[in-house]
**Student:** 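After the structure tokens below, expect a handful of questions from me.
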There are 2 protein chains.
Amino acid sequence: MKKYLSRPEEIILLAVWRLKDNAYGVTIKKKVEKMTEKYWSIGAVYVPLERLEKKGFVRSCLSKPKSERGGRRKRLFTITSAGIYELNKIHKVNEVIWQGYSTDKKETW
Amino acid sequence: MKKYLSRPEEIILLAVWRLKDNAYGVTIKKKVEKMTEKYWSIGAVYVPLERLEKKGFVRSCLSKPKSERGGRRKRLFTITSAGIYELNKIHKVNEVIWQGYSTDKKETW
DNA sequence: CTGATTTGTTCTACACTATAGAACATTCTA
DNA sequence: TAGAATGTTCTATAGTGTAGAACAAATCAG
């Protein structure tokens, strides 16, 4: 029984939320890379994204072909209210588990 | 290529850290259940704990048989400095990815 | 018009992780 | 010495994480 979002799901969902109406594969990849300062393969973005959609936390639709220069149509993602609910849940868990960390930390060094 | 701690690893490692010199299977299970307000099976605690040890983020040793009332010897876990380093890393990532969330959130409702 | 270029998505494959709970082990007490 | 108490190990399986090759479609250059 699943407890809550996995970390990649959390990060990707946050990226979609932050990108508002400009969230699609490429921008999401860039965003999560910026957020984490790590390389993310395309698969590491799309596969969890696909799973988030299956679970109802994001929705997607194809954009019109109108582009600047070549390129396939974008598949735009938006967060659903179930997705936001899920983010709130994990956010709360995070607050609880990390509560008091940075201050206590000093004592452990 | 692994990016950072998974969420169960994060939670368990934090529990070990918080429990200081009283971290063993049963207390860790109780602690993570309290932290997350969810049921954790024994396996859901020990298996990741085992992996954390293999990766060098915790260390363990058996306690002396001295107990209050029956029972097997405890296997006491302690966080290593590599473990603390890893916690700091994930803590930083968390701060970045959630930065400004609760205040911005209101606008999305 | 057509082939190269650009931009973007889908597919797939495999190792690793998450989770549950049964089985097992050890110690104490009566 | 049986059984109760406390704790750990084992095992199985579904699901997740990750990389990158393959594919698709739109535009531009000649």
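By convention in this document, chain letters (A, B, ...) are assigned in the order of the sequence lines, proteins followed by strands, and residues within each chain are numbered from 1. Since the model is a prediction, treat every value here as computed from it, not as a measurement.
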**Student:** Just by distance, do the side chain of B:Lys74 and the backbone of B:Leu76 share a donor-acceptor pair under 3.5 Å?
**Tutor:** no

**Student:** Counting N and O atoms only, with roles assigned by atom type, does the side chain of A:Glu53 sit under 3.5 Å from a partner on the main chain of A:Glu50, one being a donor and the other an acceptor?
**Tutor:** no

**Student:** Tell me whether B:Lys92 at atom NZ has more than 12 heavy atoms from other residues, nucleotides or ligands lying less than 6.0 Å away.
**Tutor:** no

**Student:** Between A:Arg75 and A:Ser60, do the side chains contain an N or O donor and an N or O acceptor separated by less than 3.5 Å?
**Tutor:** yes

**Student:** Spell out, yes or no, whether A:Ile97 and B:Leu52 are grouped together once hydrophobic residues are joined by side-chain heavy atoms under 4.5 Å, including indirect joins.
**Tutor:** yes

**Student:** Please list, by residue number, the residues of residues 45-61 of chain A whose heavy atoms come closer than 4.0 Å to an atom of DNA chain C; answer none if no residue qualifies.
**Tutor:** A:Tyr46, A:Val47

**Student:** Looking only at side-chain atoms of B:Arg72, point me to the closest of C:dA20, D:dG7, C:dT7.
**Tutor:** D:dG7

**Student:** Does C:dT19 have OP1 or OP2 under 4.0 Å away from a side-chain N or O of B:Ser41?
**Tutor:** no

**Student:** For A:Lys38 and D:dT18, give me the distance from atom NZ to atom P, rounded to whole Å.
**Tutor:** 10 Å

**Student:** Taking atom types as modelled, find out whether B:Glu10 and A:Trp98 have a side-chain donor-acceptor pair closer than 3.5 angstrom.
**Tutor:** yes

**Student:** Rounding to a whole Å, what distance do you find between B:Lys3:NZ and D:dT16:P?
**Tutor:** 16 Å

**Student:** Check the distance between C:dC16's C1' and B:Lys2's NZ and give it to me in whole angstrom.
**Tutor:** 9 Å

**Student:** Map A:Leu76 and B:Ile42 onto DNA chain C by nearest heavy atom, then report which one ends up closer to the 5' terminus.
**Tutor:** A:Leu76

**Student:** Indicate whether any N or O donor in one side chain lies under 3.5 Å from an N or O acceptor in the other, for A:Asn94 and B:Tyr101.
**Tutor:** no

**Student:** Check for me whether B:Lys30 meets the cation-pi criterion with B:Trp40, that is, NZ or CZ under 6.0 Å from the six-membered ring centre and within 45 degrees of the ring axis.
**Tutor:** no

**Student:** Quick one: do A:Glu9 and A:Lys55 make a salt bridge, cutoff under 4.0 Å?
**Tutor:** yes

**Student:** If only atom types and distance count, is the side chain of A:Thr80 paired as donor or acceptor with the main-chain N or O of A:Phe57 below 3.5 Å?
**Tutor:** yes

**Student:** Go through C:dT9, C:dT17, D:dA19 for me and flag the one nearest to the A:Lys74 side chain.
**Tutor:** C:dT9

**Student:** Assign each of A:Trp40 and B:Gly43 to its nearest nucleotide of DNA chain D by heavy atoms, then name whichever residue's nucleotide is nearer the 5' end.
**Tutor:** B:Gly43

**Student:** Give me the atom names and distance for the closest heavy-atom approach of A:Arg18 to B:Gln99.
**Tutor:** NH2-O, 2.8 Å

**Student:** Is there a side-chain polar atom (N or O) of B:Arg75 under 4.0 Å from OP1 or OP2 of D:dT9?
**Tutor:** yes

**Student:** Give me the residues of residues 22-35 of chain A where at least one heavy atom lies under 4.0 Å from an atom of DNA chain D, by number, or none.
**Tutor:** none

**Student:** Any residue in residues 4-15 of chain B with a heavy atom nearer than 4.0 angstrom to DNA chain C? Just list them by number, or reply none.
**Tutor:** B:Ser6, B:Pro8

**Student:** What's the CG-C1' distance between B:Leu62 and D:dT9, to the nearest Å?
**Tutor:** 12 Å

